[in-house]
Amino acid sequence: TKTILACICMMSCVPTGIAKAQALVGYWNFDGNMNDSTGKNNGVIQGNIDALRIDRAFNGGAFYFEDGKAYVEVPHSEDISIVNDATFTTTIKPSSVAGYCTMFWKGSRKVTPEAISYYLNLRDGKVEFKVKKKDGNWISWVTAEPCVLPDRWAVITVTFKDGVVQIAVNGDVKKLNIPPDTAADKSFTELVANEYPLYFGVAQGSGGYPAYHFRGLID
């Protein structure tokens, strides 16, 4: 089984049968490039490279994503095509939390059925973890109340195991709701792997065009 830590993202692997043993799958620190510290899953800046400025942050620098002018693409690999025992962690300072603001997304909406392995975003200040099942239908978990403020740092941690999701913000585990536009499904116990890239700072709208951009800093 594998675990993702998205910082954005730290991704680690938990060998079957070995409790608490983790090996890093990928770690991107946004300090000036999108190289993965493991050397396996380096990213590429897409769009207007000059629009992705680097600001000071907790540990070195952080990329400022300016509402879709640029985003980051990491090519697909088996390492980041996670299906279970996943932990995603990201440190962000959004300039806006209105609407949908994407921290990261793996998948494609250019195919039928649409394929999204995992998707972490803000939804009007609430934190939402969202995926698509094999039939193409969404299933998501979202914090019951807004918990991320504009121009404030937040550390978000999401765990997924056997279909059970937990979301913590700055170490505080949040109550979750299933939003009305998605279907609860107790039989959903694994993320659906796909062969599409991982994106930071952007998702895809219907038809596969870049959408739901992040606005602010990702460290």
I'd like to check Pro210 versus Tyr199 (side-chain heavy atoms, cut-off strictly below 4.5 Å). Are they in contact?
no

Least distance between heavy atoms, Ser108 atom then Val111 atom:
O-CG2, 3.8 Å

Side-chain heavy-atom pair Ile178, Ser140 within 4.5 angstrom cut-off
no

So, do Ile139 and Lys133 sit near enough that their side-chain heavy atoms are less than 4.5 Å apart?
yes

Donor-acceptor pair, side chain of Arg215 and main chain of Ala98, under 3.5 angstrom
yes

Scanning both residues in full, the closest heavy-atom pair of Pro197 with Glu73 reads CG-OE2, 3.5 Å

What are the two closest heavy atoms between Ser206 and Arg109, and how far apart are they?
N-NH1, 3.6 Å

Pairwise side-chain contact, Lys106 with Asn194, heavy-atom cut-off 4.5 Å (strictly under):
yes

Could you check whether the rings of Phe200 and Phe104 sit parallel, tilted or perpendicular, using 30° and 60° as the cut-offs?
perpendicular

So, are Lys126 and Asp124 salt-bridged, with charged N and O less than 4.0 Å apart?
no

Of all heavy-atom pairs linking Lys132 and Val192, the shortest is O-CG2, 3.6 Å

Enter the distance from His76:NE2 to Ser117:OG here, rounded to the nearest 0.5 Å.
8.5 Å

Would you indicate whether the side-chain heavy atoms of Asn42 and Val74 approach each other to under 4.5 Å?
no

Is it possible for you to say whether Phe214 and Val148 belong to one hydrophobic cluster, with membership spreading through side-chain heavy-atom contacts below 4.5 Å?
yes

If you round to the nearest 0.5 Å, how far is CE of Met34 from CH2 of Trp28?
7.0 Å

Determine whether Asp162 and Phe188 make a side-chain contact, defined as any pair of heavy atoms from C-beta on separated by less than 4.5 Å.
no

Sequence neighbours excluded, the answer for ring-ring contact (aromatic ring centres under 6.0 Å, His included) partners of Tyr119 is Trp105

For the hydrophobic clusters of this structure (ILVMFWY residues joined by side-chain heavy atoms under 4.5 Å, transitively), does one cluster hold both Tyr196 and Tyr71?
no

Main-chain N/O of Val127 paired with Thr143 side-chain donor or acceptor, under 3.5 Å:
yes

Going by distance alone, is a donor N or O of one side chain under 3.5 Å from an acceptor N or O of the other, for Asp172 and Asn170?
no

Contact summary for Ala193 and Ser81, nearest pair of heavy atoms
CB-OG, 3.2 Å

Output the distance between atom CD1 (Ile167) and atom OG1 (Thr159), rounded to the nearest 0.5 Å.
8.5 Å

Does Ile156 share a hydrophobic cluster with Val165, counting links as ILVMFWY side-chain heavy atoms below 4.5 Å and allowing steps through other members?
yes

Look at the side chain of Asn121 and the backbone N and O of Cys101, then say whether any donor-acceptor pair between them is shorter than 3.5 Å.
no

Quick check on side chain to side chain contact (heavy atoms under 4.5 Å, CB included): which of Val155, Asp219, Leu122 does Ile92 satisfy it with?
Leu122

Steps toward ring-ring contact (aromatic ring centres under 6.0 Å, His included) verdict (Phe88, Phe129)
CA-CA 10 Å; Phe88 306 80; Phe129 182 71; 5.2 Å; yes

Could you tell me the separation between the CD atom of Glu78 and the CG atom of Asn41, rounded to the nearest 0.5 Å?
10.5 Å

What is the distance from atom CG of Asp185 to atom CG of Asn137, rounded to the nearest 0.5 Å?
9.0 Å

Would you kindly confirm whether Leu120 and Trp141 end up in one hydrophobic cluster when ILVMFWY residues are joined by side chain heavy atoms under 4.5 Å apart?
yes

Is Lys93 paired with Asp151 through a side-chain N to carboxylate O contact shorter than 4.0 Å?
no

Check for me, please, whether Val142 and Val131 land in the same ILVMFWY cluster - side-chain distances under 4.5 Å, paths through other members count.
no

Should we say atom NZ of Lys174 is surrounded by more than 12 heavy atoms from elsewhere, each under 6.0 Å from it?
yes

side-chain contact (heavy atoms from CB on, under 4.5 Å), that's the test. Do His213 and Lys69 meet it? Break it down for me.
CA-CA 9 Å; His213 305 97; Lys69 292 183 178 179; over 6 Å; no

Kindly indicate, with the supporting measurements, whether the criterion side-chain contact (heavy atoms from CB on, under 4.5 Å) is fulfilled by Gln166 and Val158.
CA-CA 6 Å; Gln166 183 181 85; Val158 178; over 6 Å; no

Is there a side-chain contact between Glu128 and Tyr100 in this structure, where contact means two heavy atoms from C-beta onward sitting under 4.5 Å apart?
yes

With rounding to the nearest 0.5 angstrom, report the OH to OH distance, Tyr212 to Tyr209.
5.5 Å

Heavy atoms, side chains only, cut-off 4.5 Å: are Phe65 and Leu217 in contact?
no

Val83 and Phe160: which non-hydrogen atoms are nearest, and at how many Å?
O-CE2, 3.9 Å

